[in-house]
Amino acid sequence: MIYIIEDDTDIREMESYALRNSGFDILALSDGSGLAEALTRETPDLILLDIMLPGEDGLSILRRLRASERTKRIPIIMVTAKTTEIDKVRGLDMGADDYITKPFGIMELVSRVKALLRRAAPEENDGIIACGTIVMNDSKRRVQAGETVVELTYKEYELLRHMLINRGVVLTREKLLGAVWGYDYIGETRTVDMHIKTLRQKLGDSGAQIVTVRNVGYKLDG
């Protein structure tokens, strides 16, 4: 999911069109007033944030996002019509990951987004993927919850691995079903719920890190 915060209707629609055509889910906002509510529903993979916004400006929003433990790691690309070096430096110094200057082309936008998402992908150190008290050694297919080694079935392991890689991101049941069972799998999303239930049980206290997002799906929090 990518959030677009842009007050210019034409630019907002162009950004939305380009990214949707590249396979991304989009939430487009005309200012920052609806951002807080949106973040309670889903943490985006990336935010495209215009500097010149009505009400709270983009730099103020950036500062607020970076000050919060929950949102400080979200990749952010600043979008601005300003071309002076000092404006770009300010945004980068305040925590922006990249910037793009108006006017820009669709191909440049999509390329910048994909490049930042690649850089922001969770690092795996010798196959180690971790979140909170859950540690997975993917090279050895070994899972620990706290100090306890947890025995998982193949599907439980793949389900947990997908959630670890996408930690902090809300994943719909359909996305989990497709990622773990395959898009050609003929089954109901209830299959995901059943595996989440057993996975939580096996993880013990660490199972509480798997959070149910009502009417949407699940996410793994640290």
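The main-chain N or O of Met52 is never found under 3.5 Å from a side-chain atom of Asp57 such that the two would form a donor-acceptor pair. Judged purely by atom type and a 3.5 angstrom limit, Arg112 has no side-chain atom pairing as donor or acceptor with the backbone of Leu109. Without hydrogens or angle criteria, Ser22 side chain to Ala18 main chain gives a donor-acceptor distance under 3.5 Å. Side-chain N or O atoms of Asn166 include none that pairs as donor or acceptor with a backbone N or O of Val169 at under 3.5 Å.
Open room surrounds CG on Asp205; 12 or fewer heavy atoms of other groups in view lie less than 6.0 Å from it.
Met94 and Ile74 fall within a single hydrophobic cluster, where Ile, Leu, Val, Met, Phe, Trp and Tyr side chains are chained together by heavy-atom contacts under 4.5 Å. Hydrophobic cluster membership is shared by Ile26 and Val79, with clusters built from Ile, Leu, Val, Met, Phe, Trp and Tyr side chains linked at under 4.5 angstrom. Both Ile106 and Ile11 are assigned to one and the same hydrophobic cluster, defined by single-linkage of ILVMFWY side chains at heavy-atom distances under 4.5 Å. Hydrophobic clustering places Leu27 together with Leu53 (ILVMFWY residues linked when any side-chain heavy atoms are closer than 4.5 Å, directly or through intermediates).
The shortest side-chain heavy-atom distance between Thr191 and Arg173 does not fall under the 4.5 Å cut-off. The shortest side-chain heavy-atom distance between Leu199 and Leu152 falls under the 4.5 Å cut-off. With contacts defined as side-chain heavy-atom distances shorter than 4.5 Å, the pair Leu19/Val110 qualifies.
Separation of atoms CG (Leu171) and CG (Leu159) is listed at 9.0 Å; rounding is to 0.5 Å. To the nearest 0.5 Å, the span separating CD on Glu6 from CE on Met14 amounts to 9.0 Å. For the atom pair CD1 of Ile4 and CG of Leu46, the computed distance is 9.5 Å after rounding to the nearest 0.5 Å. Distance check, rounded to the nearest 0.5 Å: CD1 of Ile128 to CZ of Arg142 gives 9.0 Å. Remark: Phe104 CZ to Thr80 OG1 distance equals 10.5 Å, nearest 0.5 Å. For the atom pair OH (Tyr157) and CG (Leu164), the distance works out to 9.0 Å, reported to the nearest 0.5 Å.
Here the shortest heavy-atom pairing between Gly168 and Thr43 reads O-CB, 3.3 Å. Nearest heavy atoms, Thr198 versus Glu156: OG1-OE2, 3.1 Å.
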With a cut-off of 3.5 Å and sequence neighbours excluded, list every side-chain donor-acceptor pair involving residues 30-42.
| from | atom 1 | to | atom 2 | distance (Å) |
| --- | --- | --- | --- | --- |
| Asp31 | OD1 | Ser33 | N | 2.9 |
| Asp31 | OD1 | Ser33 | OG | 2.5 |
| Glu37 | OE2 | Arg41 | NH1 | 3.4 |
| Thr40 | OG1 | Glu37 | O | 2.5 |

Only distances under 3.5 Å count here; give the side-chain donor-acceptor pairs of residues 207-222 to other protein atoms, sequence neighbours excluded, each with its distance to 0.1 Å.
| from | atom 1 | to | atom 2 | distance (Å) |
| --- | --- | --- | --- | --- |
| Gln209 | OE1 | Thr133 | N | 3.0 |
| Gln209 | OE1 | Thr133 | OG1 | 2.8 |
| Gln209 | NE2 | Cys131 | O | 2.8 |
| Gln209 | NE2 | Asp221 | O | 3.0 |
| Thr212 | OG1 | Arg200 | NH2 | 2.7 |
| Tyr218 | OH | Asp193 | OD1 | 2.5 |

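Not counting sequence neighbours, the partners of Arg66 by the side-chain hydrogen bond (donor to acceptor under 3.5 Å, both in side chains) test are Asp97.
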- Message: Test side-chain contact (heavy atoms from CB on, under 4.5 Å) on Leu59 and Met78; report intermediate values, then the result.
- Response: CA-CA 9 Å; Leu59 290 175; Met78 302 301 294; 4.1 Å; yes

- Could you please spell out the steps behind the side-chain contact (heavy atoms from CB on, under 4.5 Å) verdict for His195 and Val180? CA-CA 11 Å; His195 279 75; Val180 178; over 6 Å; no

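A side chain to side chain contact (heavy atoms under 4.5 Å, CB included) with Ile165 is found for one member of Arg161, His162, Arg167, Met163 and no other, namely Arg161.
With salt bridges taken as basic N to acidic carboxylate O contacts below 4.0 Å, none links Arg12 and Asp50.
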